Amino acid sequence: MALIERPRTGDLTPAVATPEATYGAFRRPVHSTGWKSWLFTIDHKKIGIMYGVTALFFFLVGGLEALLIRAQLAGPNGTILSADMYNQMFTMHATTMVFLFVMPMAAAFANYLIPLQIGARDVAFPRINAFSFWCFLFGAIFINTSWLLGGAADGGWFMYAPNSSVPFSPTNGIDFWGLGIQITGVASLTGAINLIVTVINMRAPGMTFMKMPIFTWMAFVVQFLLVFAIPVITVALFLLMFQRSFDATFFTVEAGADPLLWQHLFWIFGHPEVYILILPSFGIVSEVLPVFSKKPLFGYPLVVFSGAAIGFVGWGVWAHHMFASGLGPISVAVFSVATMAIAIPTGVKIVNWTMTMWGGKLVFSTAMLFAIGLIVQFTIGGLSGVTHAVAPSDTQQTDTYYIVAHFHYVLFGGAVLGIFAGLYYWWPKIFGRMLSETLGKWNFWLMVIGLNMAFGPMHIIGLQGQPRRMYVWTEARAGEGFFNLGFWNLISSIGAFVLGFGVLIFFYNVWRTHFGRHKAPPAPLDPWDARSLEWMTTNPPKEINFDRTPVVSHLDEFFHRKYEDRGDDHAGYEPVATAEEVLAIEEANADDDVHLPSPSYWPIILAFALPIMAYGVIYNILLIAVGGIIVLLAMFGWALEPATAPDSDYDPPSDGGTDLELPTHG
Amino acid sequence: MTESSTLRSRLRTAALALTAAVVLASCAQDAPQDTWDPAGSEAQKIHDLQWPIFLIAGIVGLIVFAVVAVCVVKFKDRGQPIPEQTHGKAWLEYLFIALPAVLLAGIAVPSVAVIIELNDTDNADCVVNVTGQQWWWEYDYPIAGDGSICGYMPSGESGSIVTSGQMVIPTDAKVVIRGTSRDVIHSFWVPRLNGKRDMVPGRLHTWNFHADRPGIYAGQCAEFCGLSHANMRMEIVALDPVDFQAWIDNQLEPYQSPEDGTLAADGEAEFIAQCARCHQVDGLTDADGELVVAHPEDQVYSGAAPNLTNFATRNTFAGATWDLLTEECRDDVWEADPENFGERYLAGVDRDCLNAIDLRAWLRDAPAMKPMYTEPEQLEATDGLVRGMPYLALSEDQIDSLVAYLLERK
């Protein structure tokens, strides 16, 4: 659905649908407050918040799983978890963190921020947006119901064949896993297409691609990665489903299958997935660092291009996950060199962030601390990455704790610290109150100390020979001396709990900001002296995002409205307007008669049918029919429902106004 | 050079040395699977390649941290004017693309050379067939056309050697393993001798080992292989040529039944009744003088069970996860110097050194020690076939006799 705007002089009330007529059996929802306004919303901001809340919930779930793993491994021959439970735990820890926390958290930021950053009123297909969220939520719940229905998946998040076949994993856990990821994949795929169309078509007047905020750029690259990566895992998961549920033999060696097929499919998805996880955080810190350095992003075009380059080269390195799997020296050599090559655009980003700070006017807010934390921690992960791009070295390192250390520095030190930078930075924008900076600093330092205690020793543990995914380790292999592997395993476990405590401080901070006795006052309009468009509106933004569609003439448009260059040498920037003044001009020239798409029942109904069908695959084929009928009805209901309720105050154009976008059916 | 700069450079050297010392001292000593303690030429090649790369990575890291630290200290907001709104300097950008590119090219060239060297499995002195199975490794020594095994001619009659847990190889020989798997993917990894190589069902992978000195080299299955992945270990035992010849000859000695009337003789009967369905003992005959041939494929999902012909010549059991030797005797073997190692190892297991506690516990209830999906309700997906040694409900007397019998298998 495109947004319909028709400037008209008159009152300033944004249109809200108030349908009288019914469609089929239902009257169209109109709620803008209360729980129904969330269930049936198609507002990208509400959907973004729901993504974020759900993702943070699963962050706690995945964190709990991590703590159980580290509790088990704190000492030799741990007995807290059985072998079976341990295998489920590490499988679900990775699955939860990757698919149910970092990816949807990135979706939360992208959903909330992209329309605001490009000066749009919503995404291109608001109902599909809602559908994406509900698919994610129902898929996530579906996967986790496996805990109560005979056990969760136990094959590792990489789910290598043939260990994923029924004889080797007789519970339904892997069925839940595969079907659940399939459903969340629908969310990612539809969401990606939606955001790509949004970015390409709905940028504010004047915002060329090279004036687009860097977070939007990075998220944009990620959406392309999703569009091409998700279909690969979809195919792989279908093969797995047929293998397990319908006696197919795609991975049955006796029938002539080659188990490496799965590895190739998984990692052709899996490696771009790594960049899907990290690039949004790269985008976040590329927003945060300039704001708190009072300088534009150093080498903006290069950061954009290196992001895109990572997006491309990321497709040519998947087999570095398979250096030990017997590919043959030529393939290994090629992928080894390609993997080294991807360090170049990644290095470019580190350099540009550092140079952004160089010569700046640095303010160490919590968001800034997390951003600087990302530079340092991600660098460690990136450099250990170079050591296993060297394939011979990798044959010693792969499947050991050294790799666990590496990707936790990349994903926790990179993706998660970036997410926290974003949370602290945009919290006042999204919720209108500022998180406590004091608690924020406790939050930051405990997380950074915890993460280095938890994952730092894993470098040693791995290089000295402890493989991953073992439910127990033994003193017989731990070596001698005070600093033996037992010592480092214990430190790592203690670090994990410190890290967990740091994370809890964040949740306490949220509670305190919004609900406690010391509730924070409403945030100032422009608390950070920000630079990009999403700050050129109220906190939180109105449902219509902007009073007037902004007209953009600069990268960092908001900064350039607040500051002007008084000299010829670009040296003398001085404030010319406060944020309030900038906003007052926009308000005074507000577009009127803005039409927003109306809420709808169909996205949630359609999404709800998918887990029903998935249960059908596992338990009873009849359920597939039930779910299928709901899907069919919902699709018809959706197709027949106009994007905007007809009896809202939308008037069809009589003069073919030039600023009118044609409505499409999202 | 001024005095202060000399002092500074000395301090810097001292700081570097201290850092290096701290890093080294904070690692475990004598970790049996230490990838930074190579004991064979393949691991050495990897080590020679990787330590400079770690060093370079470390230096690059320190530079980045230093620059970040300078920014944080120097450019803190102290009320300075709004900085120049610069979008960057092109030459600097190109420099920072070119620098890492050159550095990485410098790393790539030797990497590719070592990749090719490590994969050269031609001209083997010795070949061993290695098969992974949930959750143990089988080693099968093929007999060459001239009757030699692993490059050595047996003193007596040649024959097949099938063993498990510990792979015995000669020192100073290029040993090539030909590996596969009977069920899921496993990975063969003995870090002090070489990196890892996956063993994939339906595929045959080769990999090199070359031990410089006699000794035991520990390893662990490195690819997640299901429930008892953690309990799937292996050891490579390197013996010098004389000792290796002795080992081969010993392995090929014909089967000897226990003397009548001994506990071990009872054990042989128990073994035939309880164990021989799955476990092969070459040359074992039943009361009628018929050869007893195990048919593990009728019982075990993956199709095999460890061959126990020379059980007591090994130091470990159950996927090399438990020791057959008491801790003291084990240390005697593991810590023996290279000259005495062969003698100690070839002594095998006797009653004084036997780790009876773990072996008896295993015979009493194997799945309690090592999770193996052997409960009847877990066998639906495998049509009743077990995936490891099931609970056999043996009495203590049966266990006594079986232990006595097994101790003679050397």
Side-chain angles (χ1 to χ4, degrees), chain A residues 83 156 160 162-163 166-168 170 253 259 294-296 298-300 302 324-326 329 332-333 336-337 340 344 347 351 354 357-363 375-376 379 383 386-387 390-393 395-396 399 460 463-465 467 469-472 477 479-481 483-485 570-571 573, chain B residues 26-36 46 49-50 53-54 57 60-61 64 67-68 71 75-77 80 82-85 87-88 93 96 100-101 104 108 111-112 114-116 118-119 184-185 187 191 195-198 200-202 205 218 220 222-224 226-227 229-230 371 381-382:
Chain A
Y160 274 6
N163 193 41
V166 174
F168 302 111
V253 175
K294 277 277 187 301
K295 276 179 69 196
F298 189 89
Y300 165 88
L302 209 67
S325 63
V332 168
S336 184
V337 173
M340 291 174 198
I344 298 172
V351 168
T354 317
M357 290 198 287
W358 191 270
K361 187 173 155 66
L362 273 54
V363 175
I375 300 179
V376 172
T379 299
L383 290 169
V386 172
T387 66
V390 178
S393 192
T395 62
Q396 287 285 25
D399 286 319
I460 297 173
L463 289 177
Q464 296 207 292
R469 302 169 185 140
M470 301 198 307
Y471 74 101
V472 283
R477 300 285 206 250
E480 309 292 325
F483 294 109
N484 63 22
L485 300 190
H570 294 277
Y573 272 87
Chain B
S26 58
C27 295
Q29 289 145 28
D30 299 325
Q33 293 174 185
D34 193 346
T35 64
W36 280 61
I46 296 173
L49 173 70
Q50 76 178 358
I53 294 167
F54 273 82
V60 171
V64 173
V67 176
V68 170
C71 286
F75 300 112
K76 189 180 169 198
D77 183 1
Q80 64 262 46
I82 295 170
E84 187 190 348
Q85 298 296 299
H87 284 275
E93 305 273 338
F96 280 116
L104 287 166
S111 299
V112 171
V114 176
I115 289 169
I116 289 165
L118 288 175
N119 279 282
V184 302
I185 300 173
S187 193
K196 55 186 78 66
R197 170 74 21 131
D198 289 358
V200 183
H205 289 161
Q220 168 87 42
E223 186 62 83
F224 178 65
L227 198 61
H229 170 55
T382 54

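Just so we're on the same page: letters track the sequence lines, and every chain starts at 1. Owing to the predicted nature of the structure, the values given are computational and were not obtained by experimental measurement.
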Residues A:D399, B:E223; criterion side chain to side chain contact (heavy atoms under 4.5 Å, CB included); working and verdict: CA-CA 7 Å; A:D399 286 319; B:E223 186 62 83; 3.5 Å; yes
Chi angles and distances behind the side chain to side chain contact (heavy atoms under 4.5 Å, CB included) call for A:S393, B:I53: CA-CA 10 Å; A:S393 192; B:I53 294 167; over 6 Å; no
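With a 4.5 Å cut-off on non-hydrogen atoms, B:H87 touches chain A through its backbone and its side chain both. Interface remark: A:T379 contributes side-chain atoms only to the contact with chain B (heavy atom separation under 4.5 Å). At a 4.5 Å heavy-atom cutoff, the contact between B:L118 and chain A is made by side-chain atoms alone. When heavy atoms are compared at a cutoff of 4.5 Å, A:F298 approaches chain B by way of both its backbone and its side chain. Residue B:V114 touches chain A through both its backbone and its side chain, counting heavy-atom pairs closer than 4.5 Å. Only the side chain of A:V337 has a heavy atom closer than 4.5 Å to any heavy atom of chain B. Of the two parts of A:L485, the backbone and the side chain both hold a non-hydrogen atom closer than 4.5 Å to a non-hydrogen atom of chain B. Residue A:V351 touches chain B through its side chain alone, counting heavy-atom pairs closer than 4.5 Å. Contact annotation for B:V200: only side-chain heavy atoms (C-beta onward) come within less than 4.5 Å of a heavy atom of chain A. Looking at A:V332, the atoms closer than 4.5 Å to chain B (heavy atoms on both sides) sit in the backbone and in the side chain alike. In this structure, chain A has a heavy atom under 4.5 Å from the side chain of B:N119, while its backbone stays farther away. Using a 4.5 Å cut-off between heavy atoms, A:T387 contacts chain B through both its backbone and its side chain.
Among A:I460, A:N484, A:V363, A:N163, the residue making the largest number of heavy-atom pairs under 4.5 Å with chain B is A:N163. Contacts with chain B were tallied for A:G360, A:G156, A:S336, A:P259; A:G360 has the most, counting heavy-atom pairs under 4.5 Å. The most heavy-atom pairs under 4.5 Å with chain A, out of B:S187, B:G202, B:P100, B:A108, come from B:A108. By number of non-hydrogen pairs under 4.5 angstrom with chain A, the leading residue of B:A101, B:P371, B:A230 is B:A230.
Contact record, A:P392 with B:S111: CG-O, 4.0 Å, taken as the closest heavy-atom pair. Residue B:P32 comes nearest to A:G479 through the heavy atom pair CD-N, 3.9 Å, listed as atom of the first residue, atom of the second, then distance. Considering every non-hydrogen atom in both B:C71 and A:L362, the closest pair reads O-CD2, 3.6 Å. Closest approach of B:A57 and A:L383 over heavy atoms only: O-CD1, 3.2 Å.
Partners of B:F224 under the ring-ring contact (aromatic ring centres under 6.0 Å, His included) rule, at least two apart in sequence or in another chain, are A:F90, B:H229.
Contact check for A:P162 versus B:I185: side-chain heavy atoms found under the 4.5 Å cut-off. Residues A:W358 and B:V67 meet the side-chain proximity criterion, which asks for heavy atoms closer than 4.5 Å. Contact annotation: the side chain of A:L463 approaches that of B:F54 to within less than 4.5 Å [non-hydrogen atoms, C-beta and beyond]. Looking at A:P467 and B:K196, their side chains never come closer than 4.5 Å, going by heavy atoms from C-beta outward. A:M357 places a side-chain heavy atom less than 4.5 Å from the side chain of B:V68.
No donor-acceptor distance shorter than 3.5 angstrom exists from the side chain of B:E93 to the backbone of A:L302, with no hydrogens or angles considered. The main-chain N or O of B:D30 is never found under 3.5 Å from a side-chain atom of A:Q464 such that the two would form a donor-acceptor pair. No donor-acceptor pair under 3.5 Å is formed between the side chain of A:K361 and the backbone N or O of B:I82.
Under the 3.5 Å distance criterion, with hydrogens and angles disregarded, no donor-acceptor pair is assigned to the side chains of A:Q396 and B:T35.
Within the model, atoms CZ of A:F168 and OG1 of B:T382 stand 9.5 Å from one another, a figure rounded to the nearest 0.5 Å. For the atom pair CD1 (A:I344) and CG (B:L104), the distance works out to 5.5 Å, reported to the nearest 0.5 Å. Separation of atoms CD (B:E84) and NZ (A:K295) is listed at 8.0 Å; rounding is to 0.5 Å.
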